[in-house]
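First the structure, in the form of structure tokens, and then the observations on it.
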Amino acid sequence: CDTLLTIGSSFPYTQCLPELDQARGVQIDLDGTFIGMRYPYEVNLVSDAAAALQALIPLIERKPDRSWRETIEGNVAGWWNTMQRQAMTDSDLEGTVNPQRLVWELSEQLPPNAIVAADSGSSANWYARHLRFRGEVRGSLSGTLATMGPGVPYVIGAKFAHPDRPAIALVGDGAMQMNGMAELLTV
């Protein structure tokens, strides 16, 4: 990475960012309190992402060598093929369904305005690996907090904010047992 462009994200996984002296950084965020939170960006733009990108696009020069991009696109396609193969693998336990398959199939069936939340643990991994966010689909995770059991409360909150949108929680057995299914009693 020679230039890091971060748009509308505080990206909590700093171990995945370039070394501090490796890349130049540009951050665009509507909320100035997130600017420079995770990386020493040189250009800090407090702006609506769409407006900032529209202003920046004319300044970009297309590189004639597309090999790097083609490699990335091939790697991403390979990743999705691997995820599909994992999802289609039969469960180790007789009479049960591979939970990765459930999330893979959910991804294909998501309404274009769905809101999806996941707990920590395996359900967060499956969420991150198998869901393809498109259209107005939005998602929530607890991020680096690794909070147990936020999936159901997140979608309850989402339904209060957006009662017309489908809200789906990916919840593991650990969180459901730990919380005593109290949110379902609330519902």
Side-chain angles (χ1 to χ4, degrees), residues 1-84 86 100 103-104 107 110 112-148 150-151 153-155 157-158 161-162 165 167-168 170:
C1 174
D2 54 18
T3 303
L4 175 64
L5 175 60
T6 305
I7 305 168
S9 173
S10 64
F11 194 74
Y13 309 104
T14 55
Q15 69 272 21
C16 298
L17 295 174
E19 296 296 324
L20 297 182
D21 59 350
Q22 175 186 337
R24 302 188 77 177
V26 177
Q27 185 173 10
I28 303 169
D29 204 296
L30 193 58
D31 185 344
T33 60
F34 289 118
I35 297 284
M37 207 167 129
R38 312 272 189 217
Y39 196 80
Y41 296 93
E42 292 177 55
V43 179
N44 303 303
L45 304 172
V46 178
S47 172
D48 173 75
L53 291 171
Q54 287 296 329
L56 291 173
I57 286 173
L59 304 174
I60 296 173
E61 292 181 30
R62 181 184 173 105
K63 291 184 178 181
D65 178 4
R66 308 308 288 166
S67 60
W68 181 83
R69 179 187 173 108
E70 290 164 0
T71 298
I72 298 298
E73 289 171 346
N75 291 344
V76 169
W79 164 264
W80 284 115
N81 286 334
T82 299
M83 291 302 98
Q84 183 177 28
Q86 285 183 2
Q100 294 180 70
V103 181
W104 178 269
S107 183
L110 278 177
N113 65 340
I115 301 169
V116 186
D119 285 331
S120 294
S122 296
S123 58
N125 289 336
W126 303 327
Y127 166 104
R129 291 177 180 177
H130 296 289
L131 288 180
R132 292 187 191 212
F133 284 72
R134 62 193 183 291
E136 295 295 313
V137 174
R138 296 296 178 260
S140 262
L141 290 171
S142 67
T144 57
L145 299 175
T147 306
M148 283 288 291
Y154 283 2
V155 297
H162 304 282
R165 295 176 69 174
I168 301 162
L170 300 177

For residues [X] and [Y], determine if any side-chain heavy atom of one lies less than 4.5 Å from a side-chain heavy atom of the other.
{"X": "P150", "Y": "D119", "value": "yes"}
{"X": "R129", "Y": "V103", "value": "no"}
{"X": "V137", "Y": "L131", "value": "no"}
{"X": "R165", "Y": "E136", "value": "yes"}

Before giving the answer on side-chain contact (heavy atoms from CB on, under 4.5 Å), spell out for T6 and D29 the whole-Å C-alpha distance, their side-chain angles and the decisive distance to 0.1 Å.
CA-CA 8 Å; T6 305; D29 204 296; over 6 Å; no

From C16 atom SG to R38 atom CZ, the distance as rounded to the nearest 0.5 Å:
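C16 SG to R38 CZ: 12.5 Å, rounded to 0.5 Å.
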
Straight-line distance of L5 CG to I60 CD1, nearest 0.5 Å:
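Between atom CG of L5 and atom CD1 of I60 there are 8.0 Å.
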
Check the surroundings of atom CZ in R69: do more than 12 heavy atoms from other residues, nucleotides or ligands lie under 6.0 Å from it?
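Open: at most 12 neighbouring heavy atoms sit under 6.0 Å from CZ of R69.
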
Counting neighbours of CD on Q15 that are heavy atoms of other residues, nucleotides or ligands and sit closer than 6.0 Å, is the number greater than 12?
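Atom CD in Q15 is packed in, count exceeds 12.
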
Spell out, as yes or no, whether a donor-acceptor pair under 3.5 Å connects the side chain of Y39 to the backbone of E19.
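Yes, Y39 side chain to E19 backbone: donor-acceptor pair under 3.5 Å.
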
To check you understand the geometry: which heavy-atom pair defines the closest contact between [X] and [Y], and what is its length?
{"X": "L170", "Y": "S123", "value": "O-OG, 3.5 Å"}
{"X": "R62", "Y": "R66", "value": "NH2-NE, 3.3 Å"}
{"X": "A49", "Y": "I7", "value": "CB-CG2, 3.6 Å"}
{"X": "G135", "Y": "R138", "value": "O-NH1, 3.5 Å"}

Given V46, which of T33, D31, L30, I35 fulfils the side chain to side chain contact (heavy atoms under 4.5 Å, CB included) condition?
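Exactly one candidate clears the test, I35.
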
The test is side-chain contact (heavy atoms from CB on, under 4.5 Å); show your working for W80 and R132 and say whether it passes.
CA-CA 10 Å; W80 284 115; R132 292 187 191 212; 2.9 Å; yes

What class does the angle between the rings of Y127 and F133 fall in, given that below 30° is parallel, 30 to 60° is tilted and above 60° is perpendicular?
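The rings of Y127 and F133 stand perpendicular, inter-plane angle above 60°.
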
For the pair W126 and M83, evaluate side-chain contact (heavy atoms from CB on, under 4.5 Å) and give the outcome as yes or no after the intermediate values.
CA-CA 10 Å; W126 303 327; M83 291 302 98; over 6 Å; no

Applying side-chain contact (heavy atoms from CB on, under 4.5 Å), run through R134 and L110 and close with a yes or a no.
CA-CA 9 Å; R134 62 193 183 291; L110 278 177; 4.0 Å; yes

